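Note sheet for the following structure.
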Amino acid sequence: MDTTSATPAANTAVPQWPLSSHEIVSKTGYLLGVEEKFFYDESMEDRALHLEIFREMEKNRAAQILRSLCMIRTGLERNFKNIHLSMKQNTIYLESLTEYIPQDSLKILSREGVRIPTCRRPIDYVIEVNRLIQDRVNNCKVLFPSWLEWNYIRDLFIMPGGLTEQGTKEAAETYYANRKLYPYGVYMNWKPRDEGNILYNDAKFLQLLYFWNRDEFTYMGHVTLMRHDTKENICRFLEDSRKTVIVVDCENADPYRFHAVLDDLGKDLLSSVEKILLFNDLRTSVAWKYIGRELNVPVEEIITERVLDRKSLVDIRLAAETSKEFYKNGAESFILVSSDSDYFGLISALREARFLVVMEREHCSRSMQETLQENSITHCFMDDFPLDESDELKEKVILKELQTALTRNFHFNLDQLLSTIETETRAELSPAASRDLRNRIEKNIRIEIAEDGDMRIEFSRLK
């Protein structure tokens with residue numbers, strides 16, 4: 001793990017970290033052995049570590065074991081000299097070092113059947129604890145979301161060269177020289193530098209963590225928290241509307257972010273929505289057809305064809321259908337989901353209608369934002385909504401499309417195929433033998449996937 005280069009945030013006098021969740025930092029802090037007194041109720045927004053997560057982790061056996069081991073290791077590192085003097089006087093059991101080693105952690109390990117071998121030197125205890133941590137840290141992988149690079153988290157717990165005397169000595173020297181820079185004073189594997197509280201929130205921690213590993217954290221939506229006033233404005237818009245229609249320019253919107261917006265608003269607010277119109281093009285993401293199935297709101301997908309290969313008609317169709325909803329069907333309010341500035345013409349034309357524009361920050365120009373503000377048009381950004389469940393939805397979409405593709409490419413009739421092969425090879429079997437062969441094929445057929453992704457059908461134990 002290399003942290004020798006300046007981080008992006010370190011170049012500014014006052015780093016600005018976005019409003020973010022605290023789940024990852026709270027779990028990491030718990031496992032590293034941060035004391036419970038540093039965990040606070042979620043209502044205390046200026047506090048980094050949340051007590052609710054602490055209590056949740058206390059119910060997990062693997063988490064308790066790893067935390068206990070890390071607390072013992074930190075105790076050994078903090079008090080190494082004093083422990084060394086005590087052990088010179090033949091005090092060799094950790095249970096007898098009550099002043100330096102957390103006894104509750106030893107009791108938890110004993111209860112869970114985890115034994116630290118008795119050693120004659122404190123450095124040997126460090127090595128044995130390091131060995132146990134290496135053996136057990138992966139048991140905590142399931143506590144973190146699948147989109148997170150687990151190896152980056154795992155490395156924080158692994159002392160470099162921690163199974164050798166030289167490695168433990170070097171780690172101890174680094175820890176003693178920079179102890180104030182370690183989060184809450186607990187030992188972890190990193191090259192310490194003055195970053196403030198690296199467990200301040202998930203956004204800060206993960207950006208730094210990925211940077212240390214020569215990577216870039218690009219899943220900010222997974223840890224973003226929506227500003228209170230953003231949701232308040234949307235709620236007020238929906239509550240003041242008699243009949244609302246959501247119109248979505250699928251060419252200029254991310255289907256998973258759109259789903260995150262609706263998911264965060266909840267069923268009660270969405271119940272006031274008359275319907276959702278998805279204006280799509282044959283070339284846009286197939287994910288949109290699955291988005292509608294996840295909602296409890298009537299969804300109509302409107303597919304537009306292209307007159308010219310390079311020209312989509314989505315924007316024209318959207319404007320026409322929105323006008324129809326206003327003049328013919330009595331819709332008075334519209335949530336327009338698009339980052340395309342061309343739609344300001346539509347908003348200007350329907351002056352009596354109420355609009356709330358939902359955009360993606362990276363695709364919306366500054367001039368468009370200023371125009372909306374100058375005209376007092378309510379707007380917000382999809383980026384501000386958390387993407388907690390987006391990976392789950394993406395997996396559903398991928399698996400459904402994979403099922404379709406496999407059915408299309410692997411579809412055949414086994415009985416017809418066997419009959420054809422028997423005829424072509426002149427190896428016709430008796431009905432009984434043919435049925436026996438078919439049953440054995442059914443029980444032993446499987447799909448093999450090579451490292452390069454190539455798929456083939458094989459028989460496992462068929463003879």
Side-chain angles (χ1 to χ4, degrees), residues 137-155 210 213-219 221-222 250-251 253-260 263 278 280-295 299 301 303 305-306 309 387-463:
V137 63
N138 282 334
N139 294 339
C140 293
K141 179 179 179 179
V142 296
L143 299 172
F144 294 86
S146 59
W147 50 260
L148 183 62
E149 288 289 346
W150 163 247
N151 286 336
Y152 297 170
I153 295 287
R154 180 183 182 276
D155 284 349
Y210 275 60
N213 287 276
R214 302 178 183 275
D215 197 355
E216 181 181 1
F217 181 65
T218 58
Y219 297 92
H222 289 73
C250 298
E251 287 186 315
D254 183 296
Y256 305 104
R257 286 196 176 279
F258 173 66
H259 180 268
D263 185 62
L278 301 177
N280 213 339
D281 181 272
L282 292 174
R283 297 187 180 184
T284 53
S285 172
V286 297
W288 287 106
K289 68 182 180 183
Y290 297 107
I291 297 296
R293 299 174 191 175
E294 298 289 325
L295 306 173
V299 176
E301 188 173 17
I303 303 294
E305 297 182 359
R306 291 178 177 239
D309 185 62
L387 281 169
D388 291 344
E389 305 300 327
S390 68
D391 279 353
E392 181 180 344
L393 179 59
K394 288 177 181 177
E395 287 183 7
K396 286 182 181 179
V397 172
I398 290 172
L399 290 175
K400 287 177 181 177
E401 285 297 300
L402 179 62
Q403 180 67 57
T404 300
L406 290 176
T407 301
R408 181 172 60 248
N409 291 293
F410 283 86
H411 182 70
F412 56 85
N413 186 287
L414 179 59
D415 293 329
Q416 291 178 359
L417 188 59
L418 281 173
S419 178
T420 299
I421 292 173
E422 285 182 25
T423 301
E424 291 178 347
T425 59
R426 297 184 181 182
E428 296 184 18
L429 302 173
S430 68
S434 183
R435 286 195 301 272
D436 178 67
L437 178 61
R438 187 194 188 284
N439 288 337
R440 284 188 287 132
I441 290 172
E442 184 178 344
K443 291 178 181 178
N444 294 283
I445 198 167
R446 66 183 183 185
I447 300 291
E448 283 289 327
I449 305 176
E451 289 186 7
D452 61 1
D454 192 37
M455 299 175 65
R456 61 182 180 272
I457 296 177
E458 289 192 351
F459 305 117
S460 57
R461 296 181 299 277
L462 192 60
K463 293 183 179 179

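In this text the structure is predicted, and so the values were computed from the model without any measurement.
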Please examine the side chains of Thr218 and Tyr210, heavy atoms only from C-beta on, and report whether any two atoms are closer than 4.5 Å.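 Not touching, per the 4.5 Å side-chain cut-off.
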Close side-chain approach of Tyr219 and Phe217, heavy atoms under 4.5 Å: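 Of all side-chain heavy-atom pairs linking Phe217 with Tyr219, at least one is under 4.5 Å.
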Side chain to side chain donor-acceptor pair (under 3.5 Å) partners of Thr407, counting only residues at least two apart: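 Listed in chain order: Gln403.
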Which residues pass the side chain to side chain donor-acceptor pair (under 3.5 Å) test with Asp436, sequence neighbours left out?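 With neighbours one apart ignored, the set is Arg440.
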Parallel, tilted or perpendicular: which describes the rings of Trp147 and His222, with under 30° parallel and over 60° perpendicular?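 If you compare the ring of Trp147 with that of His222, the planes turn out tilted.
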Interatomic distance, Ile449 atom CD1 to Met455 atom CE [nearest 0.5 angstrom]: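 Answer for the CD1-CE pair, Ile449 versus Met455, is 4.5 Å.
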Ile303 side, atom CD1; Cys250 side, atom SG - distance, nearest 0.5 Å: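 Those atoms lie 7.5 Å apart.
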Counterpart residues, salt bridge (Lys or Arg N to Asp or Glu O under 4.0 Å), relative to Asp215 (two or more places apart):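 Here no residue qualifies.
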Show your reasoning for whether side chain to side chain contact (heavy atoms under 4.5 Å, CB included) applies to Leu429 and Leu418. CA-CA 10 Å; Leu429 302 173; Leu418 281 173; over 6 Å; no
Mind checking what makes side chain to side chain contact (heavy atoms under 4.5 Å, CB included) contact with Ser430, not counting sequence neighbours?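 Here the qualifying residues are Ala432, Ala433.
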Who pairs with Leu417 by side chain to side chain contact (heavy atoms under 4.5 Å, CB included), at least two apart in sequence or on another chain?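 Checked Leu417 against side chain to side chain contact (heavy atoms under 4.5 Å, CB included); matches are Phe412, Ile421.
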Heavy-atom closest pair, residues Arg257 and Asp254: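 Closest heavy-atom pair between Arg257 and Asp254: N-OD1, 3.0 Å.
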Suppose the criterion is salt bridge (charged side-chain N to carboxylate O under 4.0 Å, His left out): which pairs have a residue in residues 403-430, not counting sequence neighbours?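 Residue pairs with at least one partner in residues 403-430: Asp415-Arg438.
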Can you list every salt bridge (charged side-chain N to carboxylate O under 4.0 Å, His left out) pair that touches residues 447-460, not counting sequence neighbours?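 Checked against salt bridge (charged side-chain N to carboxylate O under 4.0 Å, His left out) - neighbours excluded - the pairs reaching residues 447-460 are Arg446-Glu448, Arg456-Glu458.
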Could you list the residues that satisfy ring pair (Phe, Tyr, Trp, His ring centres under 6.0 Å) with Phe144, not counting sequence neighbours?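 Residues passing ring pair (Phe, Tyr, Trp, His ring centres under 6.0 Å) with Phe144: Trp150.
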CA sep, side-chain torsions, deciding dist, call: Thr404, Leu406, side chain to side chain contact (heavy atoms under 4.5 Å, CB included): CA-CA 6 Å; Thr404 300; Leu406 290 176; over 6 Å; no
